[in-house]
Amino acid sequence: MTVRAAIRQLWLPALVFVILLLSTAGSTSFYFPPLTTVLHTLWDQLAGGGLLDDLWFSLRNIVLGLALATVVGVAAGLVIGEVRTLRLALGPLLDFARATPTVGFVPVIILTLGIGSGPKVFLIFLGSLWPILLNTIAGVGQINPAVHETARGYRVPWHLQLRRVVLPGALPQIFAGIRVALSIAVVLMVVSEIYGSPIGLGNFILQSGSSFHVAETWAGTLLIGVLGYGLSVLLLLCEHALLGWYHQRAPRARRPRSAVTAASPEPADENSNGVVV
């Protein structure tokens with residue numbers, strides 16, 4: 001990411017930070033302490049208050065749950081997207097699963113699986129699976145049929161078509177699903193740790209709020225926002241690294257336009273995977 005791109009990403013959060021810093025300076029409200037007090041509390045809790053262990057616990061659950069959902073969702077989505085009969089048969093079931101709120105499974109999962117790290121990872125996996133799966137299926141469906149016909153014409157094996165043709169063509173849509181799943185994963189992480197966990201950022205916020213430690217509560221909330229934003233930026237960097245052909249298309253070749261060429265339509269723009277856009 002270039003300096004200009006970094007400035008485009010960070011100028012608004014920096015502006016909001018400055019506004020909050022100035023507007024809360026000297027605040028005497030019990031519920032809205034100064035931002036400097038919140039930042040000082042956050043540093044103290046990270047340095048020696050045990051918040052670092054809570055952060056690591058929550059971060060590990062998000063990464064494991066989201067990684068598992070990505071592997072399963074992409075693999076299943078490629079197969080379902082390629083097999084029309086399977087796609088039509090599973091359509092109603094996928095729509096039902098997508099419409100069912102994952103938060104409603106929290107009491108059942110805690111009751112059956114306990115309050116350890118495993119239930120949190122499973123809950124994040126369950127909630128993050130559907131946007132990745134559905135976006136993968138949609139990405140496969142948007143691939144130009146000419147690409148499939150070319151692969152079949154050269155008798156490319158089916159498993160090689162999935163890995164070399166279908167997966168690269170569906171990657172932009174897959175990353176869109178992962179970005180949606182990331183926001184869901186952060187919400188489910190907080191909810192699962194609030195209702196059934198002795199550790200984690202959600203539990204830290206719950207305990208701080210129950211004890212009327214307002215600065216600690218705001219510090220935990222701020223840390224969750226920073227965690228989600230940091231993971232989002234990291235995902236964006238990975239997307240640009242893997243999809244450079246998608247985000248940076250080659251410019252059209254410049255040719256002198258004669259009377260004949262000026263009347264003729266310009267050639268269609270193509271990206272590197274051969275899909276006409």
Side-chain angles (χ1 to χ4, degrees), residues 1-14 17 55-56 58-82 121 124-125 127-144 147-148 150-151 156 159-189 223-253 268-277:
M1 180 180 291
T2 62
V3 176
R4 182 176 299 178
I7 293 176
R8 286 199 300 266
Q9 287 288 327
L10 298 176
W11 73 269
L12 184 56
F17 176 81
L55 174 62
W56 168 246
S58 300
L59 178 61
R60 183 182 58 186
N61 291 341
I62 290 179
V63 172
L64 290 178
L66 191 61
L68 186 59
T70 301
V71 172
V72 176
V74 171
L78 292 177
V79 176
I80 296 174
E82 279 289 280
V121 174
I124 294 172
F125 159 77
S128 305
L129 175 65
W130 307 116
I132 298 176
L133 175 63
L134 295 174
N135 275 273
T136 302
I137 296 174
V140 173
Q142 292 177 1
I143 297 177
N144 196 319
V147 177
H148 293 281
T150 303
V156 178
H159 66 89
L160 197 58
Q161 288 187 38
L162 286 180
R163 188 160 52 93
R164 296 288 188 175
V165 178
V166 179
L167 179 59
L171 270 181
Q173 197 77 9
I174 292 174
F175 271 100
I178 297 176
R179 287 197 299 269
V180 176
L182 176 60
S183 60
I184 296 175
V186 174
V187 173
L188 292 177
M189 176 269 294
L223 184 59
I224 292 175
V226 173
L227 175 63
Y229 183 78
L231 291 175
S232 179
V233 172
L234 183 61
L235 180 61
L236 185 63
L237 291 175
C238 295
E239 180 178 350
H240 279 270
L242 294 176
L243 298 179
W245 56 268
Y246 181 78
H247 294 285
Q248 299 176 357
R249 296 176 180 175
R252 296 181 179 182
D269 187 18
E270 299 185 1
N271 53 27
S272 61
N273 72 338
V275 179
V276 179
V277 294

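Both backbone and side-chain heavy atoms feed into the values below; hydrogens, waters and symmetry mates do not.
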Residue pair Ile174 / Leu167, side-chain heavy-atom distance below 4.5 Å:
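Side chain of Ile174 against side chain of Leu167, heavy atoms only: contact under 4.5 Å found.
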Could you tell me if the side chain of Leu227 sits less than 4.5 Å from the side chain of Val186, heavy atoms only?
no
Nearest 0.5 angstrom please: [X] [atom1] to [Y] [atom2], how far?
X      : Y      : atom1 : atom2 : value
Ser183 : Leu231 : OG    : CG    : 11.5 Å
Ile184 : Trp130 : CD1   : CH2   : 12.0 Å
Ile124 : Asn61  : CD1   : CG    : 5.5 Å
Asn144 : Thr150 : CG    : OG1   : 8.5 Å
Leu133 : Thr70  : CG    : OG1   : 11.5 Å
Leu66  : Leu188 : CG    : CG    : 11.0 Å

Does Arg60 have more than 12 heavy atoms from other residues, nucleotides or ligands lying within 6.0 Å of its CZ?
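Enclosed.
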Closest approach of [X] to [Y] (non-hydrogen atoms, all atoms of both residues):
X      : Y      : answer
Gln173 : Asn135 : CG-O, 2.9 Å
Tyr229 : Pro13  : OH-CG, 4.0 Å
Gly127 : Pro131 : O-CD, 3.6 Å

Any donor and acceptor pair, going by atom type alone, linking the side chain of Thr136 with main-chain N or O of Ile132 inside 3.5 Å?
yes
